[in-house]
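Take a look at the structure set out below.
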Amino acid sequence: MKRYDAVTLEAKWQTRWEKDRLHEARDFDPRPKFYFLTMYPYPSGDLHIGHWYAMAPSDAAARWRRMQGNNVLFPIGFDAFGLPAENAAIQHGIHPYKWTMDNIARMRRQLRSMGAMWEWSREVVTCDPEYYVWNQWFFLKMYNRGLAYRALAPVDWCPKDHTTLAREQVVGEERVCERCGTPVIKKNLEQWFLKITAYADELLDFSGIEWPDRVRTLQENWIGKSLGVEFELKVQGHPGVSFRVFTTRPDTVYGMTFAVLAPEHPLVDQLTTPDRRADVEAYKFKAARQSDIERLSTEKERDGVPIGAFAINPMNGEHAPIFIADYVLLTYGTGAIQGVPAHDARDLDFARKYQLPIPVVVAPPGWDGRPLAEAYLGEGTMVNSGPFTGLSSREGWERIADYMEQRGIGQRKASYRLHDWLISRQRYWGTPIPIIYCSHCGTVPVPESDLPVRLPEDAEFLPTGESPLKLHEGFRRTRCPQCGGQAERETDTMDTFIDSSWYQYRYVSPHDTQRPFDPEVGRYWLPVDQYTGGVEHAVMHLLYTRFWTKVMRDLGMVGFGEPMLRLFNQGVILGEDGEKMSKSRGNVVNPDAYVNSVGADTVRAYLMFIGPWEGGGPWNSRGIEGVHRFLQRVWNLVHDTTETGKRGNGETRKHKARGPQPETRQSNDGHELQHWTHKTIKKVTEDLEGFHFNTAIAALMEFVNYMYKVKDEQAGATPWREAVRSLVLLLAPMTPHIAEELWASMGESYSVHQQGWPSYDATLARAELVTLVLQVDGKVRDRIQVPSGLTDAKAKEMALDNEKVRRFMDGRQVADIVVVPGRLVNVVTK
RNA sequence: GCGGAAGUGGCGGAACUGGCAGACGCGCAGGCCUCAGGAGCCUGUGGGGGCAACCCCGUGGGGGUUCAAAUCCCUCCUUCCGCACCA
């Protein structure tokens with residue numbers, strides 16, 4: 001028998017498939033289209049086992065779709081802009097372009113070894129001007145619609161990477177840079193933003209897409225919508241001066257005993273009285289310094305200082321002292337709040353510290369009129385609230401909101417935690433922002449006809465942290481497109497999440513030079529039917545790409561508002577020690593080593609077998625041997641029974657003496673084998689549909705174990721041939737190379753991957769004999785084999801006749817008999 | 001603190017809509033084959049009791065619903081993830 005030499009046969013078939021362009025997706029093909037997309041990799045230089053874990057099951061699912069009769073688009077590309085390339089330039093003097101392209105070349109080879117059905121002719125590389133020109137084009141479209149704007153704002157700055165970051169890229173309690181883990185600091189800078197907040201409400205709507213609840217929840221929390229009322233507080237002794245506060249509790253407005261402005265609030269200077277000036281300045285200085293240092297201070301005591309002015313409660317005209325305090329953030333709501341200590345824990349802390357009154361205005365059920373021990377946040381009956389006294393707080397909320405709206409005091413309003421997307425990066429290796437600053441004309445967009453604004457190739461990469469573009473005179477100095485005078489280019493580049501916000505559209509027609517993609521071809525392929533990738537992108541990439549698609553819809557470029565109909569998040573593969581893989585821990589698994597020993601098919605199948613795909617889990621080098629053993633068994637089984645004259649010798653016949661298992665007893669006519677074939681097809685089909693690769697492979701293992709048991713009596717017969725054919729077809733999506741080789745060795749016509757997915761006969765998939773569980777009072781007492789179509793009456797009869805059932809009934813009367821057809825009979829006694 | 005997910009053998013995990021707990025694989029044990037094996041094949045493998053047929057217990061803890069609970073409800077514990085002064 002031929003040896004299973006995975007390494008050789010995998011290389012052979014990969015070459016053949018590529019030569020035959022087997023994986024080409026054809027635009028406008030009449031078969032139903034299926035756009036299957038897996039997140040493109042960053043070209044770090046080495047294909048990690050984590051890439052395999054994300055991509056190999058995706059490939060299996062895409063291949064399965066194709067066998068199901070779909071015209072499948074399964075593209076790949078590289079997320080090629082980003083900091084590591086620039087850092088390599090600074091440290092080793094290699095140009096980012098060269099570093100990136102060398103890595104891509106290396107990763108292409110590694111990716112090919114996976115045997116995936118990617119269509120390389122559609123490859124997209126985002127650092128190619130052919131690609132990033134469209135980033136600039138989109139930017140201009142957004143600029144024209146007011147969706148891209150420049151503003152001075154306190155922004156997050158990573159001191160190690162020397163660049164600003166989007167809020168989404170600052171993570172954890174320590175507020176560290178998502179890329180390098182350095183704590184970020186705040187800086188006031190003029191930066192470019194994209195107005196994602198304009199779509200906040202739409203982004204909360206997930207109807208029409210099947211995304212995991214997990215991602216949905218993360219996005220909802222991130223957007224952080226809360227409904228409330230924004231109303232005006234006039235300032236005593238300052239006619240015409242007022243500020244607005246946002247509250248989700250207008251029902252508590254009668255309990256306001258102070259008001260707080262954020263220390264950076266623009267009215268602070270104007271309202272501060274001379275006697276308070278020194279304290280206020282000192283506090284502002286302290287607050288500014290503190291926000292510049294780490295903000296670990298959740299436990300920190302709440303403090304503030306009065307500014308000497310008083311706000312007038314619009315409901316009852318009472319005067320409330322105005323404070324500044326750093327627990328109020330300028331970046332949320334209006335940067336000012338009403339202080340209602342009885343009904344807000346933070347306000348209560350503050351009021352206690354400064355001995356402010358704490359009147360109760362919403363009485364908890366059964367309240368005895370005494371001061372509350374802690375802030376009461378729940379609903380109750382309104383008290384001390386003028387004409388609203390006596391209403392339920394729920395009702396009072398609405399009535400006070402109505403009152404404020406009628407009198408022009410305030411309006412109902414939604415507030416969001418979501419901020420606009422800061423896209424400026426003070427780095428070289430990204431898309432130049434196509435803007436020119438002219439001393440006469442101001443901010444001028446680069447005309448579309450002048451695109452792309454290319455990155456200069458001769459930039460210098462110095463370890464100073466200064467952006468190379470800023471120091472590049474040839475790039476920076478330019479002419480104003482409007483007046484022709486001397487002008488300067490914007491030297492910041494775009495966040496690389498811009499690239500990934502629309503790459504799925506570029507794959508549709510990756511070489512179109514006239515537009516981001518061909519709308520005709522787009523109408524055929526779009527949107528993405530299935531997207532797969534890690535959950536770490538939940539509030540970054542996955543939120544941005546939804547936003548981008550809605551903008552594209554509003555630009556008339558696509559006829560839908562959601563980029564990906566279904567999303568699946570795979571888990572994370574861990575090191576053998578159960579820890580996250582890292583070089584420093586020394587637990588990194590190198591896929592290439594396994595590919596070169598046991599083959600890509602084994603690595604693929606093992607990663608799918610390890611557990612549910614969404615779960616991830618530790619790598620186990622013994623576990624992979626088990627899967628390799630399985631493929632070896634498949635190989636031997638197919639060869640042993642297809643190579644003529646090799647079966648039925650005395651050696652294999654020996655097993656027969658032991659006697660078949662009960663379920664296989666009557667398998668001589670091949671019926672039982674047929675049943676196994678069909679039930680396995682059913683199981684694998686259903687499992688692949690839901691990405692349950694682990695149980696699909698387990699079912700195939702059971703099938704093979706069964707086939708080994710019966711092969712001496714079955715091999716050569718028609719049901720056997722069907723079983724072997726089905727087995728190979730069912731394996732094809734997951735282990736494409738061995739399936740192709742076995743398919744060829746069976747004399748079937750090339751290619752196994754162009755065959756239809758086997759269908760099953762529901763009747764055959766159902767067993768002829770089923771195990772009926774017999775219970776007495778809910779305890780299993782016996783199991784009997786019965787024909788599958790048994791009537792309930794007959795089942796009852798058989799149960800009552802059963803010797804063990806009778807024994808355990810112990811002479812008691814039958815109270816009830818529960819029958820679950822084909823499964824169990826439970827005899828309940830009195 | 002708020003929000004989410006999850007707790008099943010020595011390990012990874014399986015179990016449709018409440019109906020045989022532990023499929024499949026790893027590991028372990030015994031056997032066969034072999035000059036040899038860390039290769040291959042076969043058998044066994046949740047815990048406890050029994051010579052055995054068999055019996056009892058068992059899905060994080062406690063309680064409940066039900067003829068029947070890993071699955072549904074209540075409660076507590078643990079772990080992981082996200083957000084965190086968001087007014």
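Please read these numbers as outputs of a predicted model, since none were measured by experiment. Naming convention: chains lettered A, B, ... in sequence-line order (proteins, then strands); numbering from 1 in each chain.
Separation of the P atoms belonging to rA70(B) and rA15(B) is 15 Å when rounded to the nearest angstrom. Taking atom C1' on both nucleotides, rC72(B) is separated from rC67(B) by 16 Å, rounded to a whole Å. Only the P atoms considered, rG46(B) is 24 Å distant from rG40(B), to the nearest whole Å. Nucleotides rG22(B) and rC55(B) are separated by 16 Å at their P atoms, to the nearest Å. Here the separation of rC83(B) from rC74(B), taken at their C1' atoms, is 28 Å to the nearest Å.
Evaluation of the side-chain contact (heavy atoms from CB on, under 4.5 Å) rule for Asp349(A) yields Arg302(A) as partners, not counting sequence neighbours. In terms of the ring-ring contact (aromatic ring centres under 6.0 Å, His included) criterion, residue partners of Trp619(A) (sequence neighbours excluded) are, by chain and number, Tyr594(A), Tyr606(A). Remark: Asn705(A) pairs with Arg633(A) by the side-chain contact (heavy atoms from CB on, under 4.5 Å) rule, at least two apart or across chains.
When the nucleotides rC56(B), rC85(B), rG13(B) are ranked by their closest atom to the side chain of Asp326(A), rC85(B) comes out on top. The side chain of Phe808(A) approaches rC55(B) more closely than any other nucleotide in the set rC55(B), rA87(B), rC57(B).
Ion pair Arg175(A)/Asp156(A) flagged as a salt bridge, since at least one NZ, NE, NH1 or NH2 atom sits closer than 4.0 Å to an Asp/Glu carboxylate oxygen. Remark: Asp303(A) engages Lys286(A) in a salt bridge, criterion side-chain N to carboxylate O under 4.0 Å. Ion pair Asp687(A)/Lys683(A) flagged as a salt bridge, since at least one NZ, NE, NH1 or NH2 atom sits closer than 4.0 Å to an Asp/Glu carboxylate oxygen.
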Whether each nucleotide of nucleotides 1-9 of chain B has a protein heavy atom under 4.0 Å at its base (B), only at its sugar-phosphate (S) or at neither (-) is summarised, 5' to 3', as --S------
5' to 3', nucleotides 15-26 of chain B under a 4.0 Å protein heavy-atom cut-off (B base, S sugar-phosphate only, - none) gives -B--BBS-BBSS
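Of the two residues near RNA chain B, Asp777(A) and Gly611(A), the one whose nearest nucleotide lies more 5' is Gly611(A).
Regarding the sugar-base torsion, rG9(B) falls in the syn class, its angle being within 90° of 0.
The distance from atom CD of Glu686(A) to atom CD1 of Ile681(A), rounded to the nearest 0.5 Å, is 12.0 Å.
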Run Phe350(A) and Phe323(A) through ring pair (Phe, Tyr, Trp, His ring centres under 6.0 Å) and show every step you take. CA-CA 10 Å; Phe350(A) 195 80; Phe323(A) 286 74; 5.1 Å; yes
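Look at Ser226(A) and you'll find a side-chain N or O under 4.0 angstrom from OP1 or OP2 of rA87(B). Neither OP1 nor OP2 of rA84(B) sits under 4.0 Å from any side-chain N or O of Arg175(A).
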Which side-chain N or O atoms in residues 222-232 of chain A pair as donor and acceptor under 3.5 Å with protein atoms at least two apart or in another chain?
{"residue": "Trp222(A)", "atom": "NE1", "partner": "Glu168(A)", "partner atom": "OE2", "Å": "2.9"}
{"residue": "Lys225(A)", "atom": "NZ", "partner": "Asp201(A)", "partner atom": "OD1", "Å": "2.4"}
{"residue": "Ser226(A)", "atom": "OG", "partner": "Tyr332(A)", "partner atom": "OH", "Å": "2.9"}
{"residue": "Glu230(A)", "atom": "OE1", "partner": "Lys413(A)", "partner atom": "NZ", "Å": "2.9"}
{"residue": "Glu230(A)", "atom": "OE2", "partner": "Arg244(A)", "partner atom": "NE", "Å": "2.8"}
{"residue": "Glu232(A)", "atom": "OE2", "partner": "Ser242(A)", "partner atom": "OG", "Å": "2.7"}

